[in-house]
Visitor: 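Attaching a single structure in structure tokens format; questions to follow.
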Amino acid sequence: MSAQQEVNALRLQYEKLLAEIRLHDRLYYGKNNPKISDFEYDCLKSEAERLAGILAGQSVEPLEMAIGDDRTSGFKAYPHPSPMMSLANTYSREEIFQFDGRTKALLGGQGFSYAIEPKIDGVAVNLIYERGKFSRALTRGNGSVGDDVSSSVGTIKNLPLRIESDAEIVEIRGEIYVDEQTFTTLNASREERGLEPFSNPRNLAAGTVKTLDPAEVAERNLKLIAYAVGHCPNCHLEFQSDAIEWLKNLGFPSQEKYWIADGVAEAWECVVELDRARREFSYWTDGAVLKVNELRFHGELGATARAPRWAIAYKFAPERAVTQLKNIILQVGRTGVVTPVAELEPVQLSGTIVSRATLHNADEIAKKDIRPWDFVVVEKAGEIIPAVISVERDRRRPDSRPFAFPSTCPHCGSKLIRLANEVAWRCQNSRCLPQVRRRIEHFVSRAAMDIDGLGTAIIEKLMTQKKLLCVADIYRLTFDDFAGLEKLGTKSALKILNNVKASKARPLWRLLHGLGIFGVGEQTAKVLANEFHTIGNLAGATADALEGLDGIGGKLSAEIISFFSEPSNGKIIEDLRALGVCTADEMRSSAGKKNLNFSGKNFALTGTLYAMTRQRAAEIIEGFGGHVLGAVSAKTHVLISGDGGGSKLAKAKLLGIEIWDERKFRENLA
Ligand code: IVH
């Protein structure tokens, strides 16, 4: 190969890598749905950096050191008073020592120490306080401008709404996360309902921060660790360690543990100790952050385009294990998507026994050439769902054959098809049993018709008895059908039957979401219900009427139209209506779900709420079955008093009415 040919080949390789990195950037920042682990992503980046180094001077596209952009539509964006940067990171001890060498050189012999902190695996947030009052929370966005996520961040129970400071603006930086317990419980209940689990806690946190319904956010139990101070005139903090203590004193939840070290050798010992200690922490820690402890040096050291020169993150490499792949099984989801899953010889990994790993899709299997009986490398980083990373080729059986992704559905035998621009293969037979089961599970799930007690095991039994073959059948089930099931007592049977009955009056958006129209999630279902009010109106809607509604484009409008033009779907909707399920919002007798803290009580609102508008608070109260009255009177049960309550507050005190501050209100939402 000539030198020029070699350069061309490298250039091609480099451009392919860039395209791959960009794709993963979009999945990670834009969709909160990464398909590879952080470690794999970092490997792609460092390989691209290596190639960029070799190709320097060859006029190739520069490797963007962008920090991504998490902004999404539906959120108001605001500028950060001071930019939010990313951190340089490394997996190598050597590079930590090189970082120390560079820092020493830049500081020209001035002595300094390090603060070593856990790196929390969550979503960065900028908390802005105006004259001591919490005014808003912003995501990092593109570093200069971030999305206003005050309403979800406002649900965090121990977020201080006031701090002792009269400065015009103070910025507190921190990480929002979901703890292990919440993540595990939430995923277990999603899996039980046939919903796709969240692949890792970071995605769950990032998705929740961008969820608009505060009641739903409250259920997800977001948490915060504040770890740095941004813009803060008159703070007079000398050290990063002072900043942590200052944050603690202001009432911010802060690091469980941090270390101060003299010199890099001691700092490294702290990193090793942190690696041992982190398993006991209540949050996921994917590394250590080394910061120059003397804040006066931060300005002097400055920053590169994306990261400060006074800090570096050392990331703990994810744990990996080698095991044998016994089989590749295919799961059919509710929309017919066929997902390959690896069944593994059980292996110990990051403290748990792993016996299954996702293989994502047919392309991934082909790309990595994963075959039954191969020895495979399985990785589990912060991610809870383990993934097959690679194959040990030299241990492959001689008679091994590439895995042939089937062309027909493994359950019903109908032909699998692949839609344009999609990686997934789908079974198109809407009567295929795993699909039907998952559709029913989705219909009854908390995010849709919310029928408590009708779990996977019961659904499966009723399907086997052929008493439950479509969602309309749910409303045909009798007491005897439930009571006849093994291990289900009379009390439970009655309870489920009551829950089924109660679900008939759910708001229209829940029914629309529950029907499982491809691409129609909760948000879109709400938009559709708001616009069309009845299922009949929606079924008759033209593409013109659908397109242009919030979040609905050409592809989605075609899905909606095709769903309603399918006679079997029309029949199910007709049956649901005949069985008494509310198919129009006006027919609804009681809204949403009940919450006894609100249901049947009279509320009044006063003062400024930080996490949401009073209008939104009123909607939530009414959604939970409470009433909102304009004035405080003897009939008022509770006054919710934000900041600066005024005359309503005085009157409520006089009348001895229960008063909730914003925190109490939020606590009662959960
Ligand atoms: S300090 C200039 N400290 O990790 C950046 N960041 O990968 C200052 N992170 O963007 C950030 N734990 O979202 C800092 N103890 C910690 C952290 C931390 C997690 C996040 C943060 C940052 C990202 C970089």
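Here, residue 1 is the first one in the sequence, and each next residue gets the next number. Whatever order the structure lists them in is the order used to number ligands and atoms, beginning at 1.
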Visitor: Looking at ligand 1, does any of its N/O atoms fall within less than 3.5 Å of an N/O of Glu117?
Guide: yes
Visitor: Check each of Lys210, Lys76, Arg140 against Asp147 using the side chain to side chain donor-acceptor pair (under 3.5 Å) test, and report the only one that passes.
Guide: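 For Asp147, the side chain to side chain donor-acceptor pair (under 3.5 Å) check succeeds only for Lys210.
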Visitor: Using a 4.0 Å heavy-atom cut-off, say whether Arg173 meets ligand 1 through its side chain, its backbone, both or neither.
Guide: neither
Visitor: Counting heavy atoms not belonging to Lys16, are there more than 12 under 6.0 Å from its NZ?
Guide: no
Visitor: For atom 23 (C) of ligand 1, what is the nearest protein heavy atom, given as residue, atom name and distance?
Guide: Lys119 NZ, 4.1 Å
Visitor: Between Leu290 and Val271, does the side chain to side chain contact (heavy atoms under 4.5 Å, CB included) criterion hold? Intermediate values first, please.
Guide: CA-CA 9 Å; Leu290 274 74; Val271 172; 3.8 Å; yes
Visitor: Using a strict cut-off of 4.0 Å, indicate which atoms of ligand 1 neighbour a heavy atom of Glu175.
Guide: 9 (N), 13 (O), 19 (C), 20 (C), 21 (C)
Visitor: Under the ring-ring contact (aromatic ring centres under 6.0 Å, His included) rule, what do Trp259 and Tyr114 come out as? Steps first, then yes or no, please.
Guide: CA-CA 8 Å; Trp259 292 259; Tyr114 284 112; over 10 Å; no
Visitor: Quick one: is the NZ or CZ of Arg93 closer than 6.0 Å to the six-membered ring centre of Trp268, and within 45° of its axis?
Guide: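 Yes, a cation-pi geometry.
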Visitor: Tell me, please, which residues at least two apart from Cys232 pass disulfide bond (SG atoms under 2.5 Å apart).
Guide: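 Testing Cys232 for disulfide bond (SG atoms under 2.5 Å apart), a comparison that skips the adjacent residues, returns Cys235.
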Visitor: State whether the side chain of Arg131 and the backbone N or O of Asp166 hold a donor-acceptor pair below 3.5 Å, judged by distance alone.
Guide: yes
Visitor: Using non-hydrogen atoms of the residue, decide whether Met84 is closer than 4.0 angstrom to ligand 1.
Guide: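 So Met84 does not count as touching ligand 1.
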Visitor: Need the ligand 1 atom indices (1-based, order shown) with element for anything under 4.0 Å from a heavy-atom of Gln255.
Guide: 15 (N)
Visitor: Could you tell me whether Arg173 sits above the aromatic face of Tyr227, with NZ or CZ closer than 6.0 angstrom to the six-membered ring centre and within 45 degrees of the axis?
Guide: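 That pair does not qualify as a cation-pi contact.
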Visitor: Suppose we measure from atom 3 (N) of ligand 1 to each protein heavy atom; which comes out shortest, and what is that distance?
Guide: Lys291 NZ, 3.0 Å
Visitor: Look at atom CG of Asn158 and say whether more than 12 heavy atoms of other residues, nucleotides or ligands are closer to it than 6.0 Å.
Guide: yes
Visitor: Looking at ligand 1, does any of its N/O atoms fall within less than 3.5 Å of an N/O of Ile120?
Guide: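 Yes; at least one N/O pair falls below 3.5 Å.
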Visitor: Looking only at protein heavy atoms, identify the closest one to atom 22 (C) of ligand 1 and say how far it is in Å.
Guide: Arg140 NH1, 4.0 Å
Visitor: Does ligand 1 have an atom that lies less than 4.0 angstrom from a heavy atom of Asn89?
Guide: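 Heavy atoms of Asn89 never come under 4.0 Å of ligand 1.
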Visitor: Distance under 4.0 Å to a non-hydrogen atom of Ala124: what atoms of ligand 1 satisfy this?
Guide: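 The list of qualifying atoms is 13 (O).
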Visitor: Mind checking whether Pro308 has a heavy atom under 4.0 Å from ligand 1?
Guide: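 The answer is yes, since Pro308 has a heavy atom less than 4.0 Å from ligand 1.
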Visitor: Look at atom 11 (C) of ligand 1 and say which protein heavy atom is nearest, naming residue and atom and giving the distance to 0.1 Å.
Guide: Tyr227 CE1, 4.0 Å
Visitor: Which residue owns the protein heavy atom closest to atom 24 (C) of ligand 1, what's the atom, and how far is it?
Guide: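 I find the closest protein heavy atom is Leu87 CB, 3.6 Å.
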Visitor: Considering heavy atoms of the protein only, find what lies nearest to atom 5 (C) of ligand 1 and give residue, atom and distance to 0.1 Å.
Guide: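 The answer is Met85 O, 3.6 Å.
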Visitor: Considering only NZ, NE, NH1 and NH2 on the basic side and carboxylate oxygens on the acidic side, decide whether Arg162 and Glu662 come within less than 4.0 Å.
Guide: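 Salt bridge between Arg162 and Glu662, a charged N being under 4.0 Å from a carboxylate O: no.
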Visitor: Report yes or no: does Pro118 have a heavy atom closer than 4.0 Å to ligand 1?
Guide: yes
